[in-house]
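The structure under discussion appears below in the form of structure tokens.
The chains referred to below are lettered A, B, ... by the order of the sequence lines, with proteins before strands, and numbering in each begins at 1.
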Amino acid sequence: MYLYTISHKNPIDLHGTLFSGQSFMWDNAFSCGGLYAAVVRGVALVVSVQLTGELEVHASSKEIGGMNVPDFIRYYFTDDVESKGLFPEKFSVEFPRVWKLVLPYFHLKVLRQEFFETMLTFMCAQGIGMHLIRKQVSMLARTYGESVSVRIGERELVLYGSPSPERLASLDPLELSRCTNNNRIRAANIILSARAIAEGRVDIEALKDREIPIEDLRNMLSCAGGIGYKIADCIALFGIGRFDAFPVDTHVRQYMAEWFGSEAALRALTPATYLLIDGDARTILRPEMAGYAGHLLFHCWRREIKKLQSF
DNA sequence: CTCCAGGTGGCGA
DNA sequence: TCGCCACATGGA
């Protein structure tokens, strides 16, 4: 293991709500007591925040995806995204009550996670509670992911990476459904998507082209079975780093109605309604950062209003 | 028991 | 396009 002490510009707190996206849904990457551990691109990472505010990082390799560890960590935790610029200037004046509520959530970071890992975890996140989603993701990793054993001082940790498309491609839906809440339709859809990637029928690098308008990207991603607008936007936001993607789920719909008076958000979440709410959000938030800011609002809503404990 | 959870897709009117 | 319903499980 290699040890690094990494300075960063923006506040990063590994406690509680801090982690965004499926980072803390991803049970293999846990963040308890200020500690974060995960396998990223085959490299084991154990990260903790020091009293000085710096990050202490144990890594099983000096390099991750062609980057040195400190650079990768700052990239992965989106240290380049300034929390000050997430909301429009006038937001605090137009919505003072929401502004006051969301202020404590500015330390929350949306992570730049892997494409297939993001697709897999969010395909498991349909109409069920966070608890069950984590259970599926955890079981998928322990059953089909590659394990990496690491030693941090006296602590022995066994971490599991996200399953590769190749590993899942050859599975039978009935077998995989043991890890997908017994939902065979979901398992079959995951296998189909895994095959498409493993066989090179989906060009992931092409999807990462920043020139693609977000509505085009959403349409391209939602072509696959089991992926609608919401999951497509989640993949774009968390798996491609498209912070302009604004996933609308049951919680977002609720706060768009309650906090911002969106008429569309009062109606059932059909595809047409989805696009209307998306449009409303872009008039309230900075379009290019709508998803990132929306994610702070998402956790704020769940914790402060809905009083939910789970992340 | 009922309702809701980080939805999607098939169906009929 | 819109309203139901199945898919599956678990917690409040």
> With a 4.5 Å limit on heavy-atom distance, are the side chains of A:E63 and A:F72 in contact?
Replying inline: no
> Going by number, which of residues 240-258 of chain A have a non-hydrogen atom under 4.0 Å from DNA chain B?
Replying inline: A:D249, A:T250, A:H251, A:Q254
> For DNA chain B, which residues in residues 216-233 of chain A have a heavy atom at a distance below 4.0 Å?
Replying inline: A:A224, A:G225, A:G226, A:I227, A:G228, A:Y229, A:K230, A:I231
>> The side chain of A:H299 is closest to which nucleotide in this list: B:dG6, C:dG11, C:dA8?
In response: B:dG6
> What nucleotide among B:dG7, B:dG6, C:dT9 has an atom nearest to a side-chain atom of A:L132?
Replying inline: C:dT9
So which protein N/O to nucleotides 11-13 of chain B N/O distances come out below 3.5 Å?
none

>> Could you measure the distance from the NZ atom of A:K135 to the CG atom of A:L140? Nearest 0.5 Å is fine.
In response: 12.0 Å
> How long is the span from the CZ atom in A:R218 to the SG atom in A:C234, to the nearest 0.5 Å?
Replying inline: 11.5 Å
Taking the [atom1] atom in each of [N] and [M], what is the distance between them to the nearest angstrom?
N      : M     : atom1 : result
B:dG10 : C:dA8 : P     : 15 Å
B:dG6  : C:dG3 : C1'   : 23 Å
B:dA5  : C:dC2 : C1'   : 23 Å

Could you state the [atom1]-[atom2] distance from [X] to [N], rounded to the nearest angstrom?
X      : N      : atom1 : atom2 : answer
A:R184 : C:dA8  : CZ    : C1'   : 13 Å
A:K135 : C:dA8  : NZ    : P     : 14 Å
A:N183 : C:dA6  : CG    : P     : 14 Å
A:Q136 : C:dG10 : CD    : P     : 11 Å
A:M123 : B:dG7  : CE    : C1'   : 11 Å
A:M119 : B:dT8  : CE    : P     : 14 Å
A:I235 : B:dG7  : CD1   : C1'   : 13 Å
A:L120 : B:dG7  : CG    : C1'   : 16 Å

>> Checking A:F77 against A:H8 for the side chain to side chain contact (heavy atoms under 4.5 Å, CB included) test, could you report, in this order, the C-alpha distance in whole Å, the side-chain angles of both residues, the deciding distance, and whether it holds?
In response: CA-CA 10 Å; A:F77 291 110; A:H8 49 92; over 6 Å; no
>> In this structure, is the centre-to-centre distance between the rings of A:Y292 and A:F87 below 6.0 Å?
In response: no
> Would you say the ring centroid of A:F95 lies under 6.0 angstrom from that of A:W99?
Replying inline: no
Following the transitive rule for hydrophobic clusters with a side-chain heavy-atom cut-off under 4.5 Å over Ile, Leu, Val, Met, Phe, Trp and Tyr, establish whether [X] and [Y] coincide in one cluster.
X      : Y      : result
A:I231 : A:I212 : yes
A:I190 : A:L174 : no
A:L276 : A:I284 : no
A:L103 : A:I305 : yes

> For A:F298, what residues pass the ring pair (Phe, Tyr, Trp, His ring centres under 6.0 Å) criterion, not counting sequence neighbours?
Replying inline: A:H251, A:H295
Base, sugar-phosphate or nothing for [X]? Non-hydrogen atoms, less than 4.0 Å.
X      : value
A:K306 : sugar-phosphate
A:I185 : sugar-phosphate
A:L269 : nothing
A:R186 : nothing

> What are the two closest non-hydrogen atoms of A:S60 and A:A44, and how far apart are they?
Replying inline: OG-N, 2.9 Å
Using atom names, set out every protein N or O paired with an N or O of nucleotides 1-3 of chain C below 3.5 Å, distance rounded to 0.1 Å.
unit_1 : atom_1 : unit_2 : atom_2 : d
C:dC2  : OP1    : A:R267 : NH1    : 3.4

> Are A:N189 and B:dT8 close enough that a side-chain N or O sits under 4.0 Å from OP1 or OP2?
Replying inline: no
Considering only distance and modelled atom types, tabulate donor-acceptor pairs under 3.5 Å from the side chains of residues 267-274 of chain A, sequence neighbours left out.
unit_1 : atom_1 : unit_2 : atom_2 : d
A:T270 : OG1    : A:T273 : N      : 3.2
A:T270 : OG1    : A:T273 : OG1    : 2.9
A:T273 : OG1    : A:A268 : O      : 2.9
A:Y274 : OH     : A:Y229 : O      : 3.4
A:Y274 : OH     : A:D233 : OD2    : 2.5
A:Y274 : OH     : A:V248 : N      : 3.2

> Do side-chain atoms of A:E117 reach the backbone of A:Q113 as a donor and acceptor pair under 3.5 angstrom?
Replying inline: no
>> Using the rule salt bridge (charged side-chain N to carboxylate O under 4.0 Å, His left out), only one of A:K9, A:R112, A:R74 pairs with A:D80; which is it?
In response: A:R112
